Enquirer: 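Sharing a structure, written as structure tokens. Questions coming.
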Amino acid sequence: MIRSITASAIFASMALFAGAAFADGRPPTAEETTAVTAALTKAGFSKWGKVEFEDGKWEVDDAIGADGKKYDVDLSATDMSVIKQKIDND
């Protein structure tokens, strides 16, 4: 009985740890990359750096806008619309 409880506790803690690690800052799948690329191109960006899903949205680093400036861009997870666009001064 104690072994069963211990094994269950270990399994539950491993599942929680793995889920938290995967959910935070994960890269896009191939299908998601296609959708992000289409959304950024439609919004006028020509190239960009790192893309990751974090905090319920897509975060894009170093996106070059039509004005030639570098931006950090957030895209909606539901419709890929630009929800935030901030000049990257780094």
Side-chain angles (χ1 to χ4, degrees):
M1 176 80 158
I2 292 177
R3 277 186 163 165
S4 175
I5 293 171
T6 303
S8 295
I10 290 171
F11 178 75
S13 65
M14 287 172 48
L16 286 173
F17 176 75
F22 181 74
D24 192 28
R26 75 166 177 84
T29 65
E31 288 178 3
E32 292 165 338
T33 297
T34 300
V36 169
T37 297
L40 290 170
T41 302
K42 180 180 176 184
F45 296 98
S46 57
K47 66 180 186 173
W48 45 88
K50 184 177 176 182
V51 176
E52 64 184 356
F53 189 77
E54 191 165 358
D55 299 326
K57 63 188 181 299
W58 290 104
E59 296 181 359
V60 182
D61 293 335
D62 305 330
I64 305 299
D67 58 3
K69 295 180 183 174
K70 189 179 356 175
Y71 294 89
D72 287 335
V73 179
D74 290 350
L75 300 174
S76 167
T78 55
D79 66 1
M80 294 294 185
S81 63
V82 175
I83 55 176
K84 181 179 166 189
Q85 177 176 317
K86 179 182 156 194
I87 291 181
D88 184 2
N89 292 320
D90 293 341

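This chain uses plain numbering: 1 for the first residue, then up along the sequence. All values derive from a computational prediction rather than experimental measurement.
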Enquirer: Can you pull out every side-chain hydrogen bond (donor to acceptor under 3.5 Å, both in side chains) where at least one residue sits in residues 30-39? Sequence neighbours excluded, please.
Expert: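 The answer is R26-E32, T29-E32.
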
Enquirer: Kindly write out the residues that satisfy side chain to side chain contact (heavy atoms under 4.5 Å, CB included) with A63, not counting sequence neighbours, or none if the list is empty.
Expert: F45, W48, V60, V73

Enquirer: If the condition is side chain to side chain contact (heavy atoms under 4.5 Å, CB included), which residues does D72 pass it with, not counting sequence neighbours?
Expert: D61, D62, D88

Enquirer: Locate the shortest heavy-atom distance separating A77 from G56; write the atom from each residue and the value.
Expert: CB-O, 3.4 Å

Enquirer: According to side chain to side chain contact (heavy atoms under 4.5 Å, CB included), who are the partners of N89, at least two apart in sequence or on a separate chain?
Expert: I87

Enquirer: Hey, mind stepping through V82 and L75 against side-chain contact (heavy atoms from CB on, under 4.5 Å) and telling me if it holds?
Expert: CA-CA 5 Å; V82 175; L75 300 174; 3.8 Å; yes

Enquirer: Can you list the residues that meet the side-chain hydrogen bond (donor to acceptor under 3.5 Å, both in side chains) rule with S81, with sequence neighbours excluded?
Expert: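 Listed in chain order: D79.
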
Enquirer: Keeping to residues at least two apart or across chains, list the salt bridge (charged side-chain N to carboxylate O under 4.0 Å, His left out) pairs with something in residues 36-51.
Expert: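 The answer is K50-E52.
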
